[in-house]
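Only one structure is covered here, and it is reproduced in the block below.
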Amino acid sequence: MSHEIPLSRPDITEQEIEAVSAVLRSGRLSIGPVLERFEQAVAAYTGNEYGVGCNSGTSGLHMAMTALGVGPGDEVVTTPFSFIASANPILMTGAKPVFVDICPRTLNMDPAKMEQAITPRTKAVIAVETFGNTAYMDQYAHIAARHEVTVVEDCCEALGCTLKGKQAGSFGRLGVFGFYPNKQITTGEGGMIVTRDRRLADLCRSLRSQGRPVGTTASPGTGNWLSHERLGYNFRMSEVNAAIGVVQMERLAGIIAARQRVAEMYIRRLMHIDDLILPTVEEGCTTSWFVFVVRLAPSYAREDRDRIIAGLRRHDVGAADYFPCIHLQPFYRERFGFGPGDFPIAESVSARTIALPFHNDLTERDIDVVARTLELMIKRENLQRH
Ligand SMILES: Cc1ncc(COP(=O)(O)O)c(C=O)c1O
């Protein structure tokens, strides 16, 4: 009998449930001590001074762009091979995204191409750790510094990943984490900006809460609660969400160990399947495994890959095409005139990737079901092709 193996599943224990209950009983559901605890935990873990919790990774990136003064007429260099939310915040400020192609092994922006893309109009670089790969993060920082351009690290997929012993979130002027339920740790919905720059942290705190003066501790009806110094948003994270995050941070080492165990099981089981390229961890890097994404050999077309994904799903095995290229999304094509062929490596990789089920409690048996089903679908595809 088959049971569904979902693409992802949050790892929630009685500890998180207890922590949420405690907040609900406390009567303080927003702007309180639990968010501060969560912010301090993430900042300290990632080698930063400040954490500014918010309601999503997207809102964190939006605030990062705004805090850096990115706006109309500016360019921001980034990757086309990512989830759309790593580029959308550029458009939200009125600036123009400048994409650069990726390196086919690491799937991150090619550092040489990134340098070539910098112009006098470049205000920032959004450096994405694709699938939790920290490769080149130090190089991006050096190149950007040489050109006096600011790096924002989109580390939404990379909590707990390192490069040469340094944590993801410590390479840019600002780093942004995301805590959607498919991430290494979750708060339900949520995100966090991390930085060592006090001015930027203060600015982001103000932007997060309706442009209130920095240092506002007041609550509705008191002090300077109704004073607004700048155009701000409501991007706050509630105490309920933060409570989940505090416990998840306490459990992070165990979570990473569980993900490493699942990744190793996959590698052992899949390494002998022909036509499959497995994820690699670059020298000097460690990963906390956001996802487990395999790639078909270059001889496979997008349609072949799509049929394999459909076949996996038909057999109750979660699978996804992480990620369609951002520049080929309809509104990017319309607005900026992008089309197929603009970023050939990203497009070629994106046509052949398959994200497999990945979560902390997958068993040897689950991995075997996924591997056998995948093998079968690849064989079936080959029979049809030849
Ligand atoms: C690379 C990247 N950037 C940004 C985001 C946006 O985060 P959120 O979904 O929390 O808004 C995500 C994940 O969802 C992501 O993977």
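Atoms within a ligand are numbered from 1 in the order they appear, just like the ligands themselves.
Distance from atom 16 (O) of ligand 1 to its nearest protein heavy atom, with residue and atom name: Glu157 OE2, 2.6 Å. In terms of protein heavy-atom proximity, atom 13 (C) of ligand 1 is closest to Lys183 NZ, 2.7 Å. In this structure, the protein non-hydrogen atom closest to atom 3 (N) of ligand 1 is Asp154 OD2, 2.7 Å. If you check which protein heavy atom lies closest to atom 12 (C) of ligand 1, you get Phe83 CD2, 3.6 Å.
Of the charged side-chain nitrogens involved, at least one lies within less than 4.0 Å of a carboxylate oxygen, so that Arg205 and Glu39 count as a salt-bridged pair. Arg302 and Asp306 are not joined by a salt bridge, as no carboxylate oxygen comes within less than 4.0 angstrom of a charged side-chain nitrogen. For Arg121 and Asp74, the salt-bridge test fails: no basic side-chain N is under 4.0 Å from an acidic carboxylate O. Look at Glu153 and Arg173 and you find no salt bridge, because none of the NZ, NE, NH1 or NH2 atoms lies under 4.0 Å from a carboxylate O. For the pair Glu115 and Arg146, the salt-bridge criterion is met [side-chain N within less than 4.0 Å of a carboxylate O]. Salt bridge status for Arg307 with Asp304: present, with a side-chain N to carboxylate O gap under 4.0 Å.
Contact analysis leaves Glu189 out of contact with ligand 1, as no non-hydrogen atom separation drops below 4.0 angstrom. Under a 4.0 Å heavy-atom criterion, Ser82 is in contact with ligand 1.
For Thr58, heavy-atom contacts with ligand 1 shorter than 4.0 Å involve the backbone as well as the side chain.
Note on ring orientation: taking the six-membered ring where Trp is involved, the planes of Phe343 and Phe99 are perpendicular (angle over 60°, cut-offs 30° and 60°).
Checked against a 3.5 angstrom limit, the closest N/O atoms of Gly57 and ligand 1 fall inside it. Between Tyr180 and ligand 1, not a single N/O pair is under 3.5 Å apart.
Among Gly191, Gly60, Pro181, Cys156, the residue whose heavy atom lies closest to atom 15 (C) of ligand 1 is Cys156.
Listed by number with element, the atoms of ligand 1 under 4.0 angstrom from any heavy atom of Ser56 are 10 (O), 11 (O). Atom numbering of ligand 1 starts at 1 in the shown order; those under 4.0 Å from a heavy atom of Val128 are 1 (C).
Considering only heavy atoms from C-beta on, Thr106 comes within 4.5 Å of Tyr136 through its side chain.
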